[in-house]
Amino acid sequence: MQHSSEIRIVAGETRKMVLLNEPSLSLTITQEEGSRLVLHIIDLGERSKVKGERRKVENDITVRQLGKDCTTELYGLAYVRGTDEVTIHTHVFHEVGRGISRQLVKYVLDDEAKGDFYGELRIAKDAQQVDAQQTNRNLLLSPKATISTRPQLEIYADDVKASHGATTGQLDEAALFYMQQRGISRDRARNMLIGAFMKDVVLTIDDEAQRNELIETIDGIVE
Amino acid sequence: MLEIRNLHAAINGKEILKGVDLTIHAGEVHAIMGPNGAGKSTLSAVLTGHPAYEVTEGEVWFRGKNLLEMPPEQRAREGIFLSFQYPVEIPGVSMVNFMRTAVNEKRKYEGQEALSAIEFLKLMREKKKLLEIPDKLNNRSVNEGFSGGEKKKNEILQMAMLSPLLSILDETDSGLDIDALRIVSEGVNRLKTPDNAAIVITHYQRLLDYIVPDYVHVLANGRIVKTGTKELALELEEKGYAAFE
């Protein structure tokens, strides 16, 4: 069951939210003029306790920029293991002009885990001078892990900047060898690279205590 | 210290090294020169255990131990250091974290206690001072966004931090301007002791004006075809490698 809620960010307000290891959720956020949203969805949990069981967590985020000069920052990080599945679907709607949106979604997938990123970005006909970016990076640690990534851009205005990029890959063998050549064991090197890949998202959290706690959590997971 | 006997190695089924013999003693500097594609970088990759290369024949002994049986990290901890021709960028891993992990893994291997953060930073500062490397870079990601010269200086700094017994400098001069070349080679010279040795791989004689070798070997077509002293490098500079190709 998806937990569903709506949030309204009033004109000029800045709202920062970090959602950590939440169950499935469906969130609709509306932004009024000049407001700023910084949302982190972080899923580091391992849920499937029984072999063969598939636990699925679905995150569905909709953001509507209803007023001009809004900024939306969406960050997603999922470390998915075992037979878990984590979906992150984002829908960012620029209804009016001069909005900014930044999205960075990263997956680390191990074992037989599944990931599914769907990123819808829509810029309405009259929403001129919008600046929108969407980035999705995925790291596959096991040959049986899978990721589906589907960016969906619908741009109806003509004076906008919109970009998206998605990459899926494995750990950088050249970096692993370089680290091993300095005496770092392969396992340790792997863990350092996985940690660095994940911390990149966590480092965008403003709140220092929260950020440090998550960095420690990640260190604990990868070591 | 190092004994290479009849070493053959291949990548993707193609034989690159075709019977290399080389003996290196403590205190010596050996230059390996040769035309492009002769196998110079393959030799450094094989000595350090790069997984893409397959040793098809021959032996390598390092201080009485069979080097070819060791994984790359163990070779490093035994004291083999490679200054990479193309140092790798590692986004998100800071220089301090990287180097401290490396130093402490080596210390653990040698049965020594790990350095504390303070001791480590002190050591790093000392080595930077010795090498005339500016005291920054610490919190930057390993090699990320470094200029060509910074990357090579950083290799030498890592070398200083790890105090290897055998350093392999793979085309360390490539892409360096004259100032960076001086800093890098003076660094190498300052780190030289009677107990360690170096292999300097280079295409050009220029580097050997700064790091003076005891021996110069010509590697061509997968074999060492000529060995001489530093005068051989000058001769090669003059006549080129045509005679060996």
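Because the structure is a prediction, the values reported are computed rather than measured.
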Checking [X] against chain A: side chain, backbone, both or neither under 4.5 Å from a heavy atom?
| X | result |
| --- | --- |
| B:Leu82 | both |
| B:Pro87 | both |
| B:Val142 | side chain |
| B:Asn143 | side chain |

| task | Inspect the surroundings of CD in B:Glu144 and state if more than 12 heavy atoms from other residues, nucleotides or ligands are less than 6.0 Å away. | result | yes
| field | Over 12 non-hydrogen atoms of neighbours within 6.0 angstrom of CZ in A:Arg150 | value | yes
Measure the spacing between [atom1] of [X] and [atom2] of [Y] and express it to the nearest 0.5 Å.
| X | Y | atom1 | atom2 | answer |
| --- | --- | --- | --- | --- |
| B:Glu73 | A:Met179 | CD | CE | 11.5 Å |
| B:Ser94 | A:Met192 | OG | CE | 7.5 Å |
| A:Tyr178 | B:Phe98 | OH | CZ | 5.0 Å |
| B:Phe81 | A:Arg182 | CZ | CZ | 3.5 Å |

| said: With salt bridge (charged side-chain N to carboxylate O under 4.0 Å, His left out) as the rule and sequence neighbours excluded, what pairs involving residues 81-103 of chain B come up? | reply: B:Glu89-B:Lys151
| request: Might you point out which heavy atoms bring A:Gly183 and B:Ala76 nearest each other, and give the distance in Å? | output: N-CB, 3.4 Å
| Interface residue of largest heavy-atom contact number with chain B, from A:Ala175, A:Ser185, A:Ala174, under 4.5 Å | A:Ser185
| field | B:Arg77 (side chain) donor-acceptor with A:Ile184 (main chain) under 3.5 angstrom | value | no
| query | By number, which residues in residues 39-58 of chain B have some heavy atom less than 4.5 Å away from chain A? | reply | B:Thr48, B:Gly49, B:His50, B:Pro51
| query | Looking at B:Ala102, B:Pro71, B:Gly92, which one has more heavy-atom pairs under 4.5 Å with chain A than the rest? | reply | B:Ala102
| field | Pairs of heavy atoms under 4.5 Å with chain A: top-ranked of B:Met159, B:Met99, B:Glu105, B:Gln74 | value | B:Glu105
| Given that the side chain runs from C-beta out, which part of A:Arg188 has a heavy atom under 4.5 Å from chain B: side chain, backbone, both or neither? | side chain
| field | Pairing residues for B:Tyr86 by the side-chain hydrogen bond (donor to acceptor under 3.5 Å, both in side chains) criterion, not counting sequence neighbours | value | none
Let me have the donor-acceptor pairs involving side chains of residues 208-215 of chain A, under 3.5 Å, with sequence neighbours excluded, atom names and distances please.
from, atom 1, to, atom 2, distance (Å)
A:Arg211, NH1, A:Ile205, O, 2.9
A:Arg211, NH1, A:Asp206, O, 3.2
A:Asn212, ND2, A:Glu208, O, 3.4

